[in-house]
Every structure is written in structure tokens, then in C-alpha cells.
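Only one structure is covered here, and it is reproduced in the block below.
Since the model is a prediction, treat every value here as computed from it, not as a measurement.
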Amino acid sequence: MSQTHSAKPFLSVFNDSIVIDASTPAQKRALSYATTIEMLFNQVMNSKMPADRIIGQYFREHKKHGSKDRRVIRESLFGLFRWWGWLSQLQSEQPHVTWFRQLSACAALEQHAWHDITQAWDTIAAWTPTEIPPTNSDSINDKLALFMSLSGLTACQLSDLLPNWFWQTCPVVSTDQLAVVEAMTSRPPIWARVQSMKTTAAIAQLNKAGVDAMASQYFADAISLGHKSINLNEIDTYKQGHLEIQDLASQVIGQICQPQTDHIWWDACSGAGGKTLQLRSLMLQQDPQSTGTITASDIRNKPLEELNKRAKRAGFNNINVAPWKSDALPVSADTFDGVLVDAPCSCTGTWRRNPDMRWLDDASAVTDKPALQLDILTRSAAAVKSGGQLVYATCSLSPSENEHVVEAFLAQTNEFELVPVIHPFTGESCSMLTIWPQVADSDGMFVAKMHRK
């Protein structure tokens with residue numbers, strides 16, 4: 001399509017030296033949005049706090065914003081982080097022009113629908129009129145061509161969209177790099193898990209409520225809720241405890257654990273208990289009268305309180321909490337049929353949902369974790385009884401947090417051995433499993449299963 005700029009550049013007080021005259025309602029809204037987004041963007045970058053936390057607090061404090069305002073601000077903010085590897089290369093003699101070019105290019109790459117706003121940003125950006133490729137393609141190569149046509153930059157590469165330290169700490173074979181970048185610059189659907197209800201009935205109920213729910217081809221209780229924002233508190237299926245939000249890659253962990261209906265499990269790093277609930281649901285799917293139990297532990301009390309609320313909403317019994325209060329095990333040793341260690345990690349596998357984290361973190365997010373991970377795994381292994389299972393998982397894509405930790409653990413003990421696992425999305429057998437986000441439109445995840453001899 002051809003881009004032209006017949007509109008007269010408008011100016012308003014943007015900073016001490018630049019004045020722009022916004023003459024139409026759309027231009028005024030465009031300037032207001034730009035100022036708000038810039039404030040939030042800088043706050044995230046300067047504070048190193050997660051963008052969803054920053055923007056959540058902002059909306060709680062500024063009730064004036066309607067649903068469209070929230071959508072424009074939120075999607076523009078996260079889009080900027082998604083494409084920042086390219087957008088950060090834009091430069092202009094006038095800082096305000098640079099910012100509007102970043103907003104304008106982001107809107108083009110994201111294919112944002114609020115054209116009155118983006119046209120105002122385009123005008124201030126003062127792009128040189130040029131023949132620009134179509135913007136309705138999801139191909140990452142087409143998006144690169146679009147960006148270079150807009151910016152005039154010729155040295156941009158696909159690898160720029162992820163920081164250099166990612167490629168160094170999370171090695172990707174050359175044939176997979178394009179797919180990894182393409183996945184990391186797109187948003188996965190909202191994945192969920194059905195419990196205490198037939199999946200077909202849950203999908204029908206959700207569809208009736210206006211939710212784009214679809215069954216997964218991989219797990220009987222996994223469903224996609226599409227890409228639209230959902231207010232769960234207005235969804236009966238959720239309020240009645242039949243639905244839990246859980247990414248498809250995260251659901252792999254419970255499937256690998258394969259808890260039996262009468263087993264005793266310990267979720268050693270449970271957080272708010274997504275995998276604890278999944279383990280209990282899998283037990284109950286086998287037998288509604290399941291006698292199995294799960295103990296959930298975390299060093300933080302607030303997530304455990306949230307777990308109790310979720311378990312109550314689901315109507316699940318036989319779930320207990322045992323907070324980590326010291327280095328000593330919060331549970332009895334040599335007791336459990338299965339122990340799950342979902343260790344704290346760099347979370348590089350969740351970057352599709354949290355694109356800001358790739359620019360807030362550095363290589364230390366990966367390199368400072370393995371010692372802690374090995375320590376937690378070693379301590380937790382003591383709770384596995386003879387013949388029991390030990391499952392180690394992270395949402396990292398780095399071997400130093402994954403395979404290397406498991407290898408270090410096995411090197412220091414002869415009591416455990418690896419159990420081969422089947423990749424649920426490809427059917428391949430492997431000793432340790434890394435779920436890459438491009439394989440099934442999910443987050444990234446790692447899991448290894450061990451057996452106590």
C-alpha cells in the first residue's frame with residue numbers, strides 16, 4: 001500500500017521545546033495515549049518491574065479509562081516490548097519524532113485497528129512517503145520487510161528481536177531460529193484446563209457465554225480460549241470451579257507426572273498451585289473417590305492462600321499446604337510416591353506473554369539460578385520414597401537451568417535414574433524434554449522425570 005501524509009503536522013506541548021497543535025478529537029486522543037504509554041514504558045524500564053503489574057496499578061488508579069482506552073494503552077505498551085529489538089534502532093534528531101515513529105511502527109507491525117489514532121501518530125512520525133508492503137501478514141519476514149521499508153534501516157535482523165544473551169544462554173539450532181523468533185513475537189492463545197466436568201460440556205457452556213473455546217488435540221482436558229480478553233469472574237464455568245487457566249506447556253508437567261489415584265504427591269515449589277490442582281484433577285479423573293493426597297509447599301504464604309481458595313472453588317479435597325519455613329524439609333522424608341520440583345528460574349519460556357522481561361533481564365537471570373535449583377532439587381529428593389518418582393521442571397529454555405541441573409544432581413547421587421518421556425506434541429521419546437513455544441502454540445517448558453531405585 002502507499003503511505004502518504006497530506007495532513008498538516010500538528011503540535012502540542014510535548015516537552016519544553018516542542019509544541020504540537022492537536023486540532024481534532026482523534027489527534028488529541030492520540031497525543032494523550034502517546035504521553036500515557038511513554039510514561040508507562042519508561043516506568044517499566046526504569047523500575048525493572050513487570051509491565052503487567054505496572055499497567056494494572058495504573059488502571060486501578062485511573063478509573064477514567066474506558067475499555068477502548070485500556071485496550072489501546074495496553075496493547076501498544078506490550079507491542080512496544082515485543083518489537084523493541086527493532087524499534088530501539090529508530091533514531092531522529094527530535095526525541096518526540098523518535099517516540100512517535102516507534103509508536104507508529106509498532107502499530108503497523110501489530111496491525112492495530114484504531115486507525116484514527118495510528119494515523120495521527122504517523123503524521124507526527126513524519127515518515128518519508130514510500131511504497132510499504134501489506135501489513136496483514138503474520139510472517140516474520142514480511143514484518144521485517146515492512147519495518148525496513150518504514151524506517152529506511154537495512155541492517156535489522158530477525159535475531160534482534162531477542163537479546164544477545166538469550167541466544168548465548170538458550171542455544172537454538174539454526175534451522176529453528178526463524179520459528180523461535182516468529183513464536184516469540186506472537187501471542188499464544190489463553191490455554192485452560194477443564195476439571196470435574198466433561199470437556200465437551202465445558203466448551204459448549206463457554207461458547208454460549210461468548211468465549212471462543214476449542215478443544216486441544218493433545219490432552220483431553222485442555223482447551224484454548226482464544227486471544228480475546230476474558231473477565232473470568234463473569235464466567236459461570238470458572239466461578240463453579242470447572243475451569244483453571246493453565247498454559248498448554250505447563251499442563252505437560254502434570255501429564256508427565258502421571259499421578260495414580262491413590263498416590264501421595266508433594267508439589268515442592270507450588271506457587272499458587274496450578275500444578276497441584278492439575279495433579280488432583282488427574283487423580284479424580286481416574287476415580288472420583290480417589291484417596292490420593294497432595295501437599296503443596298512454597299516459601300511465600302500468599303500464593304498458598306490463593307491455592308486454598310482455588311481448591312475450595314474446585315471442590316477438591318485431600319490438598320494440604322506445608323510452607324517452607326527453613327532449610328529443613330517441610331514434609332517427611334522417604335514418604336511420597338511422587339515429588340514435583342517446579343523450580344524458580346529465568347522464565348525465558350514465558351516471554352511470549354511477558355515480552356518486557358526480555359529487555360528488563362540480563363544473562364544473570366539465567367546464570368544466577370542453577371546453584372539454587374540444584375539445592376532445591378537435592379533437598380526435595382529426600383522426600384521421595386523407594387520406587388517413587390522425582391520430576392524436575394522449569395519454564396526456562398536454557399540448558400544451564402535444565403539439563404545441566406539434572407545432570408549435576410544425578411552425578412552426586414546413585415539413588416536416582418532418568419525415566420525416558422514421550423514428547424506429547426511430537427511423539428518422540430527423549431531422556432529430558434524441552435517444549436519450544438513454536439511447536440504447539442504455547443509457552444516454553446522443560447521437564448525431566450527420575451525414578452528412585
Discussion item. Run Glu244 and Arg313 through side-chain contact (heavy atoms from CB on, under 4.5 Å) and show every step you take.
Written reply: CA-CA 10 Å; Glu244 283 291 339; Arg313 183 175 65 235; 2.9 Å; yes
Worksheet entry | Chi angles and distances behind the ring pair (Phe, Tyr, Trp, His ring centres under 6.0 Å) call for His263, Phe336 | CA-CA 8 Å; His263 275 183; Phe336 293 87; over 10 Å; no
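Counting heavy atoms from C-beta outward, Trp191 and Ser216 have side chains that approach closer than 4.5 Å. Within the 4.5 Å cutoff, side-chain heavy atoms of Trp436 are placed close to those of Val172. Using a 4.5 Å heavy-atom threshold, the side chains of Pro437 and Asp443 count as separate. Side-chain contact check for Trp114 versus Ser76: some heavy-atom pair is nearer than 4.5 Å.
Look at Arg452 and Asp334 and you find a salt bridge, because one of the NZ, NE, NH1 or NH2 atoms lies within 4.0 Å of a carboxylate O, short of that distance. With salt bridges taken as basic N to acidic carboxylate O contacts below 4.0 Å, one links Asp441 and Arg352. Between Asp247 and Arg353, at least one side-chain N (NZ, or NE/NH1/NH2) sits under 4.0 Å from a carboxylate O, which counts as a salt bridge. Classification of Glu417 and Lys449 as a salt-bridged pair fails, no side-chain N sitting under 4.0 Å from a carboxylate O. At a threshold of 4.0 Å, the pair Asp342-Lys275 counts as salt-bridged, since one of the basic side-chain nitrogens sits closer than that to a carboxylate oxygen.
The CE atom of Met148 sits 9.0 Å away from the CG atom of Leu153 when rounded to the nearest 0.5 Å. Here the OG-CD1 distance, from Ser229 to Ile190, works out to 6.5 Å after rounding to the nearest 0.5 Å.
Atom CD1 of Ile422 is surrounded by more than 12 heavy atoms from other residues, nucleotides or ligands within 6.0 Å. Around atom NZ of Lys48, more than 12 heavy atoms belonging to other residues, nucleotides or ligands sit under 6.0 Å away.
Cation-pi check for Arg70 over Phe59 is met; the charged atom lies under 6.0 angstrom from the ring centroid and within 45 degrees of its normal.
Shown here for Thr276 and Ala296, the closest heavy-atom pair between the two residues is OG1-CB, 3.7 Å. Of all the heavy atoms in Gln278 and Gln251, the pair that sits closest is NE2-O, 2.8 Å.
Between Phe78 and Phe81, the ring planes are perpendicular. Angles over 60° get that label, and only those under 30° would be called parallel.
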